[in-house]
Each structure stands twice: as C-alpha cells, then as structure tokens.
Amino acid sequence: MSTSAAPPRVLTVAGSDSGGGAGVQADLKTMLALGVHGMSVLTAVTAQNSLGVQGAWELPVEAVRAQYRSVVDDIGVQAVKTGMLASAELVEAVAELISGTDAPAVVDPVGVSKHGDPLLAASALDSVRTQLLPAATVATPNLDEVAQLTGVRVQSEDDLRRAAAAVLEFGPRWVLIKGGHLAGDAVDLLTDGTEEHVLRAPRHDNRHTHGTGCTLASAIACGLARGRSVPEAVVAAKQYVTGAIAAGFALGAGIGPVDHGWALGRDVP
Ligand SMILES: Nc1ncnc2c1ncn2[C@@H]1O[C@H](COP(=O)(O)OP(=O)(O)O)[C@@H](O)[C@H]1O
Ligand SMILES: Cc1ncc(COP(=O)(O)O)c(N)n1
C-alpha cells in the first residue's frame with residue numbers, strides 16, 4: 001500500500017462566516033484551491049449572510065488555546081493566518097500563541113465587515129498594535145483598518161507609503177496595505193521598510209467581493225507554507241484573489257462571495 005506525501009499544512013485562526021464567503025470558510029476553500037492542507041482554530045461564530053452580520057459570539061480563550069495546541073503540537077504547521085479575533089483577550093492569547101510557533105504568520109487585522117458590522121471590540125485595538133502586529137511576518141490591513149490602527153487616512157495611491165510606514169512602526173516584518181477601497185486600479189503596497197513592491201490589478205466592476213481580504217491573506221499563507229519568499233507569495237496571492245473577484249457571483253439579496261474555486265482544474269498561480 002502506498003501513502004502520498006503530505007501537502008504543506010496551513011492553520012487559520014479566525015471566525016466562522018455562516019454564509020461561507022469570508023472567515024474560516026473562505027480560508028479553508030482558498031487552502032484547498034491552492035493545494036495545501038487547511039486547518040482551523042475557531043475564535044468566534046457569526047450569523048452572517050449577503051446582507052450583513054446578524055449576530056456574533058466569541059469562544060472562550062481556553063477553547064482557542066486548546067484548538068491551537070491540538071493542531072500545532074501533533075500535526076504541525078508551515079504557516080499560520082489570523083483573521084477575526086473579536087476581543088482584547090483573544091488578540092492577546094493568539095499573539096502569544098503565534099509568537100511561540102516556529103512558522104510565518106500572516107496577520108489580517110480584521111476590524112469591520114464589508115457591511116460595517118464590527119468584528120473587533122474597540123478595546124482590542126491597543127492589543128493589536130502592541131502584541132499582535134509585532135508577531136506578524138506580514139500584516140495585511142485594509143484602508144479602514146489602517147485608519148483605526150494608525151490614524152493615517154489614505155485618500156489616494158500617494159498616501160499608501162505613509163500608511164505602510166505607520167504600520168511598520170508597530171513591528172510586523174512586512175506590511176501589505178490593501179488599496180482595494182480606493183477608486184481606479186486595485187493597487188496594494190508591500191514593503192518591509194527597505195524593499196517596496198507595488199501590486200496593481202485592474203478593478204473588476206463586480207459588487208460580489210465578500211471575503212476578498214480573508215482570501216488574500218490565506219493565499220499569502222499558502223505561498224509561505226510552500227517555501228516562497230514574502231514578495232513571491234504576495235504576488236501569487238494577488239493573482240489568485242484578482243481571479244476570484246473577477247468570478248465573484250450573486251448569492252442572497254446583498255453582496256455575494258468571491259469564487260474561491262475559479263482556478264480549480266487550471267494551473268494555480
Ligand atoms: N473590485 C476589485 N477588483 C479587483 N481587485 C480588488 C477589488 N476590490 C478589492 N480588490 C483587491 O482585493 C484585495 C483585498 O482588498 P480589500 O477588499 O481592500 O480587503 P478587505 O476585504 O480586507 O476590505 C486587495 O488585493 C485589493 O486590491
Ligand atoms: C467571520 C468573518 N471574518 C472576516 C470577515 C471580513 O471579511 P472580508 O474578507 O470581506 O473583509 C467577515 N465578514 N467575517
């Protein structure tokens with residue numbers, strides 16, 4: 001009997017989106033599409049659909065710690081991605097867990113949903129700044145999160161560099177500022193303070209963009225788990241999320257999800 005070699009293992013530490021477009025569900029679908037073994041530590045459960053978030057319940061810190069230890073101590077991880085962490089207590093526990101793990105960490109500092117529903121308590125922002133961001137190999141804030149964390153308001157592409165410098169002050173190794181909410185091309189800036197990479201993709205005129213940020217951060221984690229450098233992983237992840245946005249589809253009466261499976265059966269980037 002033959003056994004196949006195990007694929008790289010990637011762990012998401014995030015909230016559940018019952019609608020299946022964002023959160024842990026987006027992360028695991030991305031991981032399957034990009035050829036790694038996806039695993040999850042659930043931090044919170046949301047009742048969520050195309051119209052918004054109808055309810056959110058966080059898990060006890062012991063439940064988060066126990067899930068994390070179960071996965072890391074037996075199966076092992078080649079990369080970790082964090083998403084919705086809900087409270088200061090959970091942010092601090094997760095920051096400690098990822099700091100003690102010998103694997104790159106992609107930190108998506110999720111603040112609010114596309115519909116403006118809060119996914120992180122305001123009282124947790126300081127823990128994100130002082131404990132979570134310093135533990136990140138790559139942090140991937142969107143423009144609202146940049147404003148919340150640093151006070152820098154990005155209004156045009158020219159402001160991206162100033163935003164990146166302000167986030168780097170908190171200590172992540174790299175930062176990817178996502179300019180997806182600006183008009184014009186979808187432009188993101190990746191930098192470690194020395195090297196700078198501008199990632200530009202055509203804007204798809206598609207309102208079905210639920211889950212873009214989760215999908216991009218997970219795709220970066222997949223690339224890192226496969227041994228790619230941060231810039232290589234981010235370039236490939238940007239290609240993957242751009243294709244997923246182009247293929248986003250209507251579901252329910254509101255904002256539909258990106259299509260995580262758009263590249264299945266084709267060569268993955
Ligand atoms: N309409 C769009 N067309 C193409 N790319 C987009 C579009 N909207 C967002 N993006 C890209 O999707 C990724 C996620 O960005 P964003 O939507 O800003 O994150 P978040 O989901 O955290 O708000 C970024 O690479 C961004 O440039
Ligand atoms: C549980 C959960 N986590 C994260 C997001 C952010 O989603 P997006 O990727 O659209 O910003 C969400 N809506 N729900």
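Start at 1 and go down the list; that is how both ligands and their atoms are numbered. All heavy atoms count here, side chains included; hydrogens, waters and symmetry mates do not.
Between Asp159 and Arg153 there is no salt bridge, since no side-chain N of the basic residue sits under 4.0 Å from a carboxylate O of the acidic one. Taking 4.0 Å as the cut-off between side-chain N and carboxylate O, Arg173 and Asp192 do not count as a salt-bridged pair.
The protein residues lying under 4.0 angstrom from ligand 1, judged by non-hydrogen atoms, are Lys114, Asn142, Lys178, Gly180, His181, Ala186, Asp188, Pro202, Arg203, His204, Thr212, Gly213, Leu216, Lys238, Ile245.
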Can you give me every donor-acceptor pair (side chain of residues 174-181, partner residue at least two apart or in another chain, under 3.5 Å) with its distance?
| unit_1 | atom_1 | unit_2 | atom_2 | d |
| --- | --- | --- | --- | --- |
| Lys178 | NZ | Asp108 | OD1 | 3.4 |
| Lys178 | NZ | Thr140 | O | 3.0 |

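For the residue pair Gln25 / Ser16, a side-chain donor-acceptor distance below 3.5 Å is found, with atom types taken as modelled. His208 and Asp259 share no donor-acceptor pair across their side chains, judged by distance under 3.5 Å alone. Remark: the Ser218 side chain and the Lys29 side chain contain no N/O donor-acceptor pair separated by less than 3.5 Å. Side-chain atoms of Ser87 and Glu58 include a donor-acceptor pair closer than 3.5 Å. Counting only N and O atoms by type, the side chains of His260 and Thr215 include a donor and acceptor under 3.5 Å apart.
For Ser113, the side chain to side chain donor-acceptor pair (under 3.5 Å) partners at least two apart in sequence or on another chain are Asp117.
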Starting from the N and O atoms of ligand 2, find every protein N or O within less than 3.5 Å and list the pair with its distance.
| unit_1 | atom_1 | unit_2 | atom_2 | d |
| --- | --- | --- | --- | --- |
| ligand 2 | 9 (O) | Gly213 | N | 3.2 |
| ligand 2 | 9 (O) | Cys214 | N | 3.2 |
| ligand 2 | 10 (O) | Lys114 | NZ | 3.3 |
| ligand 2 | 10 (O) | Gly211 | N | 2.9 |
| ligand 2 | 13 (N) | Gln48 | OE1 | 2.8 |
| ligand 2 | 14 (N) | Gln48 | NE2 | 3.1 |

